Enquirer: 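The structure's right below; bear with me while I get my questions together.
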Protein chains: 2
Amino acid sequence: MGIEIKIALNEGLYLKDPQDSVLGRNIIKHSILLLSDLGFEAFNFKKLAQEMNSTEASIYRYFENKHLLLLYLVSWYWEWVAYLIRINTLNIDDPKRKLEIIINSFVSASVDNPTTDYVDESKLHSVIIAEGMKAYHTKEVDEENGKGFFKNYKQLITMVAGVISEINPTFEYPYALASNLFEMSNNHIYFAKHLPRLTDIKVGENKYSEVEKMLNYFATNLLR
Amino acid sequence: MGIEIKIALNEGLYLKDPQDSVLGRNIIKHSILLLSDLGFEAFNFKKLAQEMNSTEASIYRYFENKHLLLLYLVSWYWEWVAYLIRINTLNIDDPKRKLEIIINSFVSASVDNPTTDYVDESKLHSVIIAEGMKAYHTKEVDEENGKGFFKNYKQLITMVAGVISEINPTFEYPYALASNLFEMSNNHIYFAKHLPRLTDIKVGENKYSEVEKMLNYFATNLLR
DNA sequence: TATTTATAATAGTTATACTATCATTTTAAA
DNA sequence: TTTAAAATGATAGTATAACTATTATAAATA
């Protein structure tokens with residue numbers, strides 16, 4: 001019933017598409033909650049199975065290991081942010097306004113999406129902030145990149161870089177600025193919460209307006 | 001004999017100061033090499049012991065676990081960069097010139113330091129680029145921050161933020177810019193090597209001049 | 001209803017992350 | 001120089017993580 005969004009993710013990330021079954025969607029749902037509670041290091045499939053009243057072996061039929069599950073969630077997030085940007089910039093022509101919307105999407109990707117009830121976007125965002133970079137800081141990065149596992153991230157950054165180049169076609173670092181705005185957004189929310197002396201901004205419970213203001217300031221001053 | 005530099009690090013990071021014994025210095029030396037080879041996930045104390053012809057139990061007498069060993073190395077790196085900046089800005093008054101030197105120190109902290117023969121600074125830099133952020137992205141970050149485990153990072157950023165504020169006292173984000181320049185430096189070297197579509201710059205074997213140029217461009221345009 | 005497919009229940013294997021104990025070597029103190 | 005203390009090595013052991021395999025049962029489909 002109703003509109004169902006199916007997020008297109010690289011098939012190498014999973015053994016069996018978790019979006020296609022109740023158990024699969026449950027794995028996604030509970031892994032977000034448990035990762036948010038325990039962090040990636042303490043998280044494992046045994047605990048996840050207990051949490052969702054299933055078994056370790058069942059989860060292993062969907063994901064090879066917890067690293068690929070994390071990468072699946074991170075890819076999901078990248079796609080979701082790209083989707084948010086797409087729908088929110090639909091009728092907007094001014095690239096400066098588009099970049100503002102992009103930055104807002106980076107920062108407040110926490111707004112819950114009613115069409116995917118098994119993903120708590122706000123919780124997923126916290127997981128990305130705390131664990132996201134672990135998905136691509138591994139010894140297997142080149143091998144996995146060869147399999148296209150980071151395509152969603154690259155597509156997102158390419159789109160943002162396009163908008164940046166629209167604003168200022170002579171700007172030499174559109175890709176670097178795009179990825180930096182994304183990384184900076186997550187990083188400074190993390191810093192504000194845990195290592196506040198590494199930043200100047202403050203955040204409240206899901207209130208990231210100062211981060212947004214800072215990113216807009218950085219972007220505007222670099223692109224003028 | 002000769003000049004010996006002893007780097008001051010938080011005592012909670014280790015059980016026994018590794019700088020004070022041959023075995024301890026060997027642990028530092030070989031852990032840098034092995035982390036660089038295997039990455040943090042595949043690295044463990046058993047392999048490290050084999051590599052240096054010692055035993056697991058002996059290493060556990062110096063470090064509680066591999067996470068704290070990584071944090072020790074990362075802290076060492078933060079101190080080493082701060083030291084580099086200090087000696088290279090000794091007689092410099094112009095804060096703009098100071099920031100250039102800071103950026104150069106972030107990027108090329110790879111230059112080997114002759115006074116600490118057990119630390120290969122170039123290899124350590126690669127470890128920081130690939131694994132550094134894992135030292136402070138854990139569930140224990142608040143607890144460890146309370147124990148002062150990240151003091152070296154905060155001091156480094158505070159020093160850089162000071163220079164930034166000298167250049168432009170009205171700039172609102174000195175700490176954020178400082179930490180961003182540091183993180184961006186490591187991140188974009190990593191991207192250039194492994195996920196080149198996330199950046200615009202290219203790097204060669206320990207040749208990071210494009211990163212340096214980009215960071216200077218970002219800093220200059222934000223602070224003018 | 002028969003048959004395939006998905007999941008659960010259970011058990012087992014190998015590796016990691018430690019801890020404990022005792023022997024031996026090195027260092028430092030008497 | 002002997003003796004005690006401290007550091008390291010050798011060895012073994014425990015708990016948990018990260019899987020794999022097997023069989024039973026339930027659900028879906030033909």
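First the proteins, then the strands, lettered A, B, ... as listed; each starts at 1. Below, each value reflects all heavy atoms present in this structure, side chains not excepted, and no hydrogens, waters or symmetry copies. None of these values were measured; they are calculated from a predicted model.
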Enquirer: Taking only the side-chain nitrogens and oxygens of B/T55, find out if one of them lies under 4.0 Å from OP1 or OP2 of D/dA10.
Expert: no
Enquirer: Answer yes or no: does a side-chain N or O of A/S54 lie under 4.0 Å from OP1 or OP2 of C/dA8?
Expert: yes
Enquirer: Find the distance B/I27:CD1 to D/dT8:C1' and express it as a whole number of Å.
Expert: 11 Å
Enquirer: Just N and O in the side chain of B/S21: are any of them under 4.0 Å from OP1 or OP2 of D/dT8?
Expert: yes
Enquirer: Report yes if at least one side-chain N or O of B/K16 is closer than 4.0 Å to OP1 or OP2 of D/dT8; otherwise report no.
Expert: yes
Enquirer: Can you tell me the distance, in whole Å, between the CG atom of B/L48 and the P atom of C/dA15?
Expert: 19 Å
Enquirer: Would you mind reading off the distance between A/D20 atom CG and C/dT7 atom P, rounded to a whole angstrom?
Expert: 11 Å
Enquirer: For B/K147, which residues count as a salt bridge (Lys or Arg N to Asp or Glu O under 4.0 Å) partner, sequence neighbours excluded?
Expert: B/E143
Enquirer: Heavy-atom count around B/K29 NZ within 6.0 Å, excluding the residue itself: above 12?
Expert: no
Enquirer: Figure out the CG/P separation between B/L15 and D/dA6, and round it to whole Å.
Expert: 17 Å
Enquirer: Could you tell me whether B/K154 atom NZ has more than 12 heavy atoms of other residues or ligands within 6.0 Å of it?
Expert: yes
Enquirer: Please list each protein N or O that sits under 3.5 Å from an N or O in nucleotides 16-19 of chain D, with the distance.
Expert:
| residue | atom | partner | partner atom | Å |
| --- | --- | --- | --- | --- |
| D/dA17 | OP1 | A/N44 | ND2 | 3.3 |
| D/dC19 | O5' | A/Y60 | OH | 3.1 |
| D/dC19 | N4 | A/E56 | OE1 | 3.3 |
| D/dC19 | N4 | A/E56 | OE2 | 3.4 |

Enquirer: Of all residues at least two apart in sequence or in a different chain, which pass the side-chain hydrogen bond (donor to acceptor under 3.5 Å, both in side chains) check with B/E41?
Expert: B/K134
Enquirer: In terms of the angle between their ring planes, are B/W78 and B/Y136 parallel, tilted or perpendicular, with boundaries placed at 30° and 60°?
Expert: tilted
Enquirer: Would the B/Y175 and A/F191 ring centres measure less than 6.0 Å apart?
Expert: no
Enquirer: Could you check whether B/K66 makes a cation-pi contact with B/F40, meaning its NZ or CZ is under 6.0 Å from the centre of the six-membered ring and within 45° of the ring axis?
Expert: yes
Enquirer: For B/Y173, give me all partners under side-chain hydrogen bond (donor to acceptor under 3.5 Å, both in side chains), at least two apart in sequence or on another chain.
Expert: none
Enquirer: Roughly how many Å is it from CG in B/L23 to P in C/dT25, rounded to a whole number?
Expert: 16 Å
Enquirer: May I have the distance from B/I59 (atom CD1) to D/dA10 (atom P), rounded to whole angstrom?
Expert: 13 Å
Enquirer: Under 3.5 Å, is there a donor-acceptor pair between the B/S31 and B/Y72 side chains?
Expert: no
Enquirer: What are the residues of residues 130-141 of chain B, sorted by number, that bring a heavy atom to within less than 4.0 Å of DNA chain D?
Expert: none
Enquirer: For A/N26 and C/dA8, what is the distance between atoms CG and C1' respectively, to the nearest whole Å?
Expert: 14 Å
Enquirer: Rounded to whole angstrom units, what separation is found between the CZ atom of A/F63 and the C1' atom of D/dT20?
Expert: 19 Å
Enquirer: With a 4.0 Å cut-off on heavy atoms, is A/Y62 in touch with a base, just the backbone sugar-phosphate, or nothing at all?
Expert: sugar-phosphate
Enquirer: Just wondering, are more than 12 heavy atoms of other shown residues or ligands nearer than 6.0 Å to NZ in A/K47?
Expert: yes
Enquirer: Tell me if the centroids of the rings in A/F182 and A/F106 come within less than 6.0 Å of each other.
Expert: yes
Enquirer: Can you check each nucleotide of nucleotides 22-30 of chain D against protein heavy atoms at under 4.0 Å and return B for base, S for sugar-phosphate only, - for none, in 5' to 3' order?
Expert: ---------
Enquirer: A/N26 and A/S54: side chain to side chain donor-acceptor pair (under 3.5 Å), yes or no, with the steps?
Expert: CA-CA 10 Å; A/N26 246 287; A/S54 180; over 6 Å; no
